[in-house]
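Heads up: the structure comes next, in structure tokens.
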Amino acid sequence: MSIKLRGVSTRDEIIAILSEENPDKISEILDEAYKVKIENIGSKVYLRGLIELSNICIKNCLYCGIRLDNKNVHRYELSEKQVLDGAEFALKAGYGSLVLQAGERTSPKYTSYVTDLVKKIKLISDGKLGITLSLGEQTIETYREWFEAGAHRYLLRIESSDPKLYSKIHPNNNLHSWKRRVQAIKDLITTGYQTGTGVMIGLPYQTVENLADDLLFIKNIGVHMVGMGPYLKHSETPLGQLGVNSTNLSMTLKMVAALRLLMPRINIAATTAMQVLDSFGRERAILAGANIIMPNMTITEVREDYQIYENKPGINDDADLSKSKLEENLSKMGIEIGWNEWGDSRAFQG
Ligand code: SAH
Ligand code: SF4
């Protein structure tokens, strides 16, 4: 019996896709997902310049290189000028949008710093730059404040939709509660953000069934965007010390394709972690149904300090070089870029 691709909806159908090992059949799955993308949202790739605002974090996720307890990390926070320079770069480069990402912090001083940054980015870009935030779990009031300041998208991965697996990859305390994270995703949707979530693929203890359930979770919670990527080990973390690094690009590509078949109109990011497994990893994800890329614009001086996983690509590059390398890769593969466009999720526009 052949695998169901178009109109895939059940757990068993998703498991069948993710379990496929035959290279020809995998190509068929990826090609079909690409076709579904073109039919529903077109072929363009939209860019969001990524600024890694700070690696200071109050949390201790067991997999992450910048977790609080990793004392080998040199901590930094970008100044207002450094962030606004980044925004100027994004504007000139034609990126259309930027993403501010950081470790998690909730102090009033920090949350108002972010509010100010968002307002100023809007101001200097004459409202032209779209702003996505990826700053962890916050109160609904903070989410509202940032939304009103001008941010309109937010990324908060659930990491794993299985509370049991979640508890194996996080410390077991209130700061790392699965339920709290789900609530935060719902709060973001309620606040009016285009909301994105996602998971890590290839985590220790993770099964194909877990991954199928992840995709169903993403569909059921009703997000508009997804960023999923391979789990990559970082030796200075408790999970990294287990030494497991089972991720392969093929499973990641099957996940992207299955998600596109399940949710034809959402935005799906080809994430940087994919590039670690294959220098064309992101471009291959685009050909499997993804439609967003987040080129790194972080200033070279601090790139090395923002290593959530090992072997992060391009840590010696600057924003210009990241841009030209990406453009070259995309054009080699005949992929068109939506310059100066926001590229909002069609799932959000209804
Ligand atoms: N602090 C914020 C945003 C920065 S971390 C947050 O946690 O939401 C952004 C993402 O990096 C996380 O959601 C996680 O999925 C990913 N990440 C962290 N460590 C990783 C690792 N070792 N391998 C792959 N992805 C990782
Ligand atoms: Fe902090 Fe995010 Fe890393 Fe967790 S994943 S330790 S919240 S930066």
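Note: hydrogens, waters and symmetry copies are ignored here, and every other heavy atom, side chains too, is used. Note that ligands are numbered from 1 as they come in the structure, with each ligand's atoms numbered from 1 the same way.
- Centroid-to-centroid, the aromatic rings of Tyr193 and Phe147 come within less than 6.0 Å.
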**OP:** Starting from the C-alpha separation in whole Å, work towards a yes-or-no answer on ring pair (Phe, Tyr, Trp, His ring centres under 6.0 Å) for Trp342 and His152.
**Re:** CA-CA 11 Å; Trp342 277 16; His152 82 293; 4.5 Å; yes
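- By the criterion of a heavy-atom distance under 4.0 Å, neither the backbone nor the side chain of Glu137 is placed next to ligand 1.
- Checking atom 4 (Fe) of ligand 2 against the protein gives a heavy-atom contact under 4.0 Å.
- Between the side chains of Glu145 and Thr115, a donor-acceptor pair is found at a separation under 3.5 Å.
- The residue Cys61 has no part lying near ligand 1, judged by heavy-atom distances below 4.0 Å.
- Distances between N or O atoms of Leu156 and those of ligand 1 include no value under 3.5 Å.
- In this structure, Asp318 contributes its side chain and Thr300 its backbone to no donor-acceptor pair below 3.5 Å.
- For the residue pair Leu165 and Pro204, the shortest heavy atom distance occurs at CD1-O, 3.6 Å.
- Looking at Tyr306 against ligand 1, only its side chain comes within 4.0 Å, counting heavy atoms.
- Taking atom 26 (C) of ligand 1 as the reference point, the nearest protein heavy-atom neighbour is Met200 SD, 3.5 Å.
- Not one N or O of Tyr231 is nearer than 3.5 Å to an N or O of ligand 1, by distance alone.
- Counting only protein atoms, the N, O or S atoms lying less than 2.8 Å from atom 4 (Fe) of ligand 2 are Cys61 SG, ordered by chain and residue number.
- The distance from ligand 1 to the heavy atoms of Ser134 drops below 4.0 Å at these ligand atoms: 3 (C).
- Listed by number with element, the atoms of ligand 1 under 4.0 Å from a non-hydrogen atom of Cys64 are 19 (N).
- In the model, Tyr166 has no side-chain atom that pairs as donor or acceptor with a side-chain atom of His176 under 3.5 Å.
- Between Arg157 and ligand 1, at least one pair of N/O atoms sits closer than 3.5 Å.
- Only the side chain of Arg181 comes within contact range of ligand 1, with a heavy atom under 4.0 Å; no backbone atom does.
- Protein heavy atom closest to atom 9 (C) of ligand 1, with residue, atom name and distance, is Gln101 NE2, 3.7 Å.
- Here's the thing with Ala102: one of its N/O atoms is less than 3.5 angstrom from an N/O atom of ligand 1.
- In the candidate list Gln307, Arg67, Glu159, Glu159 is nearest to atom 15 (O) of ligand 1, counting heavy atoms.
- Ring geometry for Tyr95 versus Phe89: interplanar angle over 60°, hence perpendicular rather than tilted (30 to 60°).
- Residues passing the salt bridge (Lys or Arg N to Asp or Glu O under 4.0 Å) test with Glu336: none are found, sequence neighbours excluded.
- Between the side chains of Ser322 and Arg303, a donor-acceptor pair is found at a separation under 3.5 Å.
- Looking at Lys59 against ligand 1, nothing comes within 4.0 Å, counting heavy atoms.
- Among all protein heavy atoms, the one lying closest to atom 21 (C) of ligand 1 is Leu232 O, 3.4 Å.
- Of the possible polar contacts, none joining the His234 side chain to the Glu310 backbone as a donor-acceptor pair under 3.5 Å is found.
- Counting only distance, with no hydrogens or angles, the side chain of Ser134 and the backbone of Gln101 share no donor-acceptor pair below 3.5 Å.
- Atom numbering of ligand 1 starts at 1 in the shown order; those under 4.0 Å from a heavy atom of Gly103 are 1 (N).
- Side-chain contact, Ser161 with Asp214: a donor N or O sits under 3.5 Å from an acceptor N or O.
- The protein heavy-atom contact nearest to atom 24 (C) of ligand 1 is Pro230 O, 3.3 Å.
- A heavy-atom separation below 4.0 Å is not found between Gly65 and ligand 1.
- Heavy atoms from other residues, nucleotides or ligands lying under 6.0 Å from NZ of Lys119 number 12 at most.
- Counting only distance, with no hydrogens or angles, the side chain of Glu328 and the backbone of Lys325 share no donor-acceptor pair below 3.5 Å.
- With 3.5 Å as the limit, one finds a donor-acceptor pair spanning the side chains of Asn210 and Asp162.
- In terms of protein heavy-atom proximity, atom 11 (O) of ligand 1 is nearest to Ile308 CD1, 3.3 Å.
- Scanning all protein heavy atoms for the shortest distance to atom 19 (N) of ligand 1 gives Tyr63 CD1, 3.3 Å.
- Environment of CD in Glu304: sparse, with no more than 12 heavy atoms of neighbouring residues, nucleotides or ligands closer than 6.0 Å.
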